[in-house]
Amino acid sequence: MHRTASDLQDLIDLAHGIGAGGFTALQMLPIGAGAALPAEMLTDDEAGLVFAALRVPAGLRVRLRTRDAAGNFTVIRADGRVWRNTLNALNIGGVHPLRGAADLILTSRDGTV
C-alpha cells in the first residue's frame with residue numbers, strides 16, 4: 001500500500017533482528033476491506049521499485065508476491081475459511097469452511113469446487 005511502503009525497511013530490519021530466515025511482502029489485493037482503498041494500491045512495478053530499494057541484511061531471504069502472481073492463489077484465513085483468488089487476483093472465489101484436507105482441493109477456475 002502507498003501508506004505502508006515507507007515502513008517496509010523497518011519490517012525487514014525487525015525480521016532480521018528477531019532471527020527470521022525470510023520475509024515475504026504481499027501486494028494489497030482489491031478485495032475485502034482493500035476494495036474500499038483503491039488509491040492505496042501500488043502497481044506491481046511500483047511495488048517492485050520499493051522492494052528493490054530495500055537494504056536486505058545478509059542471510060535474510062526476501063520475496064515480493066505481486067498481484068500478477070496472486071491469481072489462483074489459495075488463501076486459508078485464521079477463522080478456518082478457505083478461498084481462491086480469481087485469475088487476475090481482483091476478486092475471490094467462493095469462501096468455504098476448512099474442515100479437512102479435501103476442502104483444500106479447489107479445482108474450478110473460480111475456486112468454488
Visitor: Who pairs with Arg3 by side-chain hydrogen bond (donor to acceptor under 3.5 Å, both in side chains), at least two apart in sequence or on another chain?
Guide: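 Arg3 satisfies side-chain hydrogen bond (donor to acceptor under 3.5 Å, both in side chains) with Glu40 once adjacent residues are dropped.
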
Visitor: Which pair of non-hydrogen atoms, one from Pro57 and one from His16, has the smallest distance, and what is that distance?
Guide: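 Result for this residue pair: CB-CD2, 3.3 Å.
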
Visitor: For Arg61, give me all partners under side-chain hydrogen bond (donor to acceptor under 3.5 Å, both in side chains), at least two apart in sequence or on another chain.
Guide: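 Scan of Arg61 (side-chain hydrogen bond (donor to acceptor under 3.5 Å, both in side chains), adjacent residues dropped) gives none.
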
Visitor: Same hydrophobic cluster for Leu37 and Leu42, using side-chain heavy-atom links shorter than 4.5 Å among ILVMFWY?
Guide: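 No.
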
Visitor: Applying side-chain hydrogen bond (donor to acceptor under 3.5 Å, both in side chains), name anything that partners Thr24, two or more places apart in sequence or on another chain.
Guide: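 Here the qualifying residues are Arg63.
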
Visitor: Side chains of Leu54 and Val62: does their closest heavy-atom pair fall under 4.5 Å?
Guide: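 A side-chain contact is absent here, since even the closest heavy-atom pair is not under 4.5 Å.
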
Visitor: Please name all residues satisfying side-chain hydrogen bond (donor to acceptor under 3.5 Å, both in side chains) with Asp44, sequence neighbours left out, ordered by chain then number.
Guide: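 Result, side-chain hydrogen bond (donor to acceptor under 3.5 Å, both in side chains) vs Asp44: Gln27.
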
Visitor: Between Arg55 and Gln9, is the side chain to side chain contact (heavy atoms under 4.5 Å, CB included) condition met? List the steps.
Guide: CA-CA 7 Å; Arg55 294 177 317 280; Gln9 185 65 56; 3.5 Å; yes

Visitor: Could you measure the distance from the CE atom of Met28 to the OG1 atom of Thr4? Nearest 0.5 Å is fine.
Guide: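 These two atoms lie 9.0 Å from each other.
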
Visitor: Hydrophobic clusters here meaning ILVMFWY residues chained together by side-chain heavy-atom distances under 4.5 Å, can you tell me if Leu60 and Leu14 are in one?
Guide: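 As far as the 4.5 Å side-chain criterion goes, Leu14 and Leu60 are not connected within one cluster.
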
Visitor: Identify, with sequence neighbours excluded, every residue that meets salt bridge (Lys or Arg N to Asp or Glu O under 4.0 Å) alongside Glu46.
Guide: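 Residues passing salt bridge (Lys or Arg N to Asp or Glu O under 4.0 Å) with Glu46: none at all.
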
Visitor: Report the residues that fulfil side-chain contact (heavy atoms from CB on, under 4.5 Å) with Ala25, sequence neighbours left out, ordered by chain and then residue number.
Guide: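 Partners of Ala25 under the side-chain contact (heavy atoms from CB on, under 4.5 Å) test: Leu8, Phe23, Phe51, Leu64.
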
